[in-house]
Amino acid sequence: MSIEEQFTFLEVSKAKEVAKLAAKIVANNIKKNKGIVLGLATGNTMVEFYKELVKYYKKGFISFSKVKTFNLDEYYPINSEDKSSFRSFMNKHLFDKVNIKEKNINFLNGDVKDFKKECERYENKIKKVGGIDLQILGIGVNGHVGFNEPGSSFTSITRRVKLSSSTKKANAREFKGKQVPKYALTMGIKTILSSDKIILLAIGDKKARAIKKTLEGKITKKVPASVLRKHKNVSIIIDCKAGK
Ligand code: F6R
């Protein structure tokens, strides 16, 4: 079975191997298509993955000079310079470590009054560059992808969403005692499904229930990630804890 062509499910033993395998696939895609449009995620799962991807850059295997990126989501409201913002996370783990051009980094601005206009701008920009070639996803303990919480419509596009209490609890560590914002701006399910290829990564036993429901249960709005089974080119890479 080719990892390039269909629904692929890979379970490896350790979290580190999830990061290595995902980075290898992404690096090969960048190598093949220097101007690739990547959809990126943040969060704990992504830390090792970006570390591995940076290694490919440092070894000279890939360059980010023509790569364009669109991150999935950002808290709302938040200033991009706030240490807890997803933009700060990306600077720290990837953007500041590779030769990506600022003009090629696309982010939802969590510091605008008119969030509807901001979401429209983002959705249009994705279309303008010809769509996302390769989208990286994590998964929430409740099965969310991006910040599309359970109940999100499969036809949703980039919009403001209210964060569920489980998501706020899971992400509280980034806010160190401060309140997690009530809202976020996120690409929608339809936006995500419009990507040519999708790779979802999951590590740790906290994700086991969400992964089981994603792979085995009904395709339902209650488990947003389950909709990925309708996409023609998805790879799901997990460690054995998330596969329990
Ligand atoms: C973040 C995002 C979220 C995370 C998910 C898992 O940009 O889109 O869907 O991927 O919440 O987060 P971690 O990896 O912190 O468990």
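Order of listing sets the numbers, starting from 1, for every ligand and every atom in it.
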Peer 1: So, 4.0 Å and heavy atoms of Lys206: is ligand 1 close enough to count as a contact?
Peer 2: no
Peer 1: Classify the contact between Ile139 and ligand 1 as side chain, backbone, both or neither, using a heavy-atom distance cut-off of under 4.0 Å.
Peer 2: backbone
Peer 1: Flag the pair Tyr75 / Tyr183 as yes when their ring centroid distance falls below 6.0 Å, and as no otherwise.
Peer 2: no
Peer 1: Nearest protein heavy-atom contact for atom 15 (O) of ligand 1: which residue, which atom, what distance?
Peer 2: Asn44 N, 2.8 Å
Peer 1: Once you restrict to heavy atoms under 4.0 Å, what part of Met187 touches ligand 1? Side chain, backbone, both or neither.
Peer 2: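 Neither; no heavy atom under 4.0 Å.
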Peer 1: Please identify which atoms of ligand 1 are closer than 4.0 Å to at least one heavy atom of Arg173.
Peer 2: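 Contacts of ligand 1 toward Arg173, numbered from 1: 15 (O).
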Peer 1: Looking at Leu72, which atoms of ligand 1 are within less than 4.0 Å of one of its heavy atoms?
Peer 2: 8 (O)
Peer 1: With heavy atoms only and a cut-off of under 4.0 Å, state how Thr42 meets ligand 1: side chain, backbone, both or neither.
Peer 2: both
Peer 1: Take the angle between the ring planes of His144 and Phe147 and call it parallel below 30°, perpendicular above 60°, tilted in between.
Peer 2: perpendicular
Peer 1: Considering only protein heavy atoms, which is closest to atom 9 (O) of ligand 1, and at what distance to one decimal place?
Peer 2: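 Ranking protein heavy atoms by distance from atom 9 (O) of ligand 1, first comes Gly146 O, 2.8 Å.
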Peer 1: Has ligand 1 got any nitrogen or oxygen that is less than 3.5 angstrom from a nitrogen or oxygen of Gly43?
Peer 2: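 Between Gly43 and ligand 1 (N or O atoms, distance only) the closest approach is not under 3.5 Å.
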Peer 1: Going by side-chain hydrogen bond (donor to acceptor under 3.5 Å, both in side chains), Thr191 matches just one of Glu123, Gln135, Arg159. Which one?
Peer 2: Glu123
Peer 1: Within the structure provided, determine whether Thr69 and Phe107 are in side-chain contact (heavy-atom separation under 4.5 Å).
Peer 2: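 No, side chains not in contact.
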Peer 1: Just go through Ile203, Asn148, Val145, Asp73 and tell me whose heavy atom is the nearest to atom 2 (C) of ligand 1.
Peer 2: Asp73
Peer 1: Is there a donor-acceptor pair closer than 3.5 Å between any side-chain N or O of Ser195 and the backbone N or O of Ile198?
Peer 2: no
Peer 1: Would you check if the side chain of Glu17 reaches a backbone N or O of Val12 as a donor-acceptor pair within less than 3.5 Å?
Peer 2: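 Here the side-chain-to-backbone pair does not exist.
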Peer 1: Is the side chain of Glu52 donor-acceptor paired with the backbone N or O of Ala23 at a distance under 3.5 Å, no angle test?
Peer 2: no
Peer 1: Nearest protein heavy-atom contact for atom 14 (O) of ligand 1: which residue, which atom, what distance?
Peer 2: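 The protein heavy atom lying closest is Thr45 OG1, 2.4 Å.
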Peer 1: Under 4.0 Å from a heavy atom of Gly138: which atoms of ligand 1 are those, numbered in the order shown and with their elements?
Peer 2: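 Near Gly138, meaning under 4.0 Å from one of its heavy atoms, ligand 1 has 10 (O).
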Peer 1: Touching ligand 1 at all, Glu149? Heavy atoms, strictly under 4.0 Å?
Peer 2: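 So Glu149 does not count as touching ligand 1.
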Peer 1: Within the 4.0 Å heavy-atom shell around His144, which atoms of ligand 1 are there?
Peer 2: 3 (C), 5 (C), 9 (O), 11 (O)
Peer 1: Is Lys206 atom NZ crowded by more than 12 heavy atoms from other residues, nucleotides or ligands, each under 6.0 Å away?
Peer 2: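 Atom NZ in Lys206 is not packed in, count stays at 12 or less.
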Peer 1: Sort out for me which residue in Val129, Leu40, Asn104 forms a side-chain contact (heavy atoms from CB on, under 4.5 Å) with Phe70.
Peer 2: Val129
Peer 1: How does Lys207 reach ligand 1, by side chain, by backbone, by both or by neither, if only non-hydrogen atoms under 4.0 Å count?
Peer 2: side chain
Peer 1: Using the six-membered ring of Tyr56, assess whether NZ or CZ of Lys59 lies under 6.0 Å from its centre and within 45 degrees of the ring axis.
Peer 2: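 Verdict for Tyr56: a cation-pi partner in Lys59.
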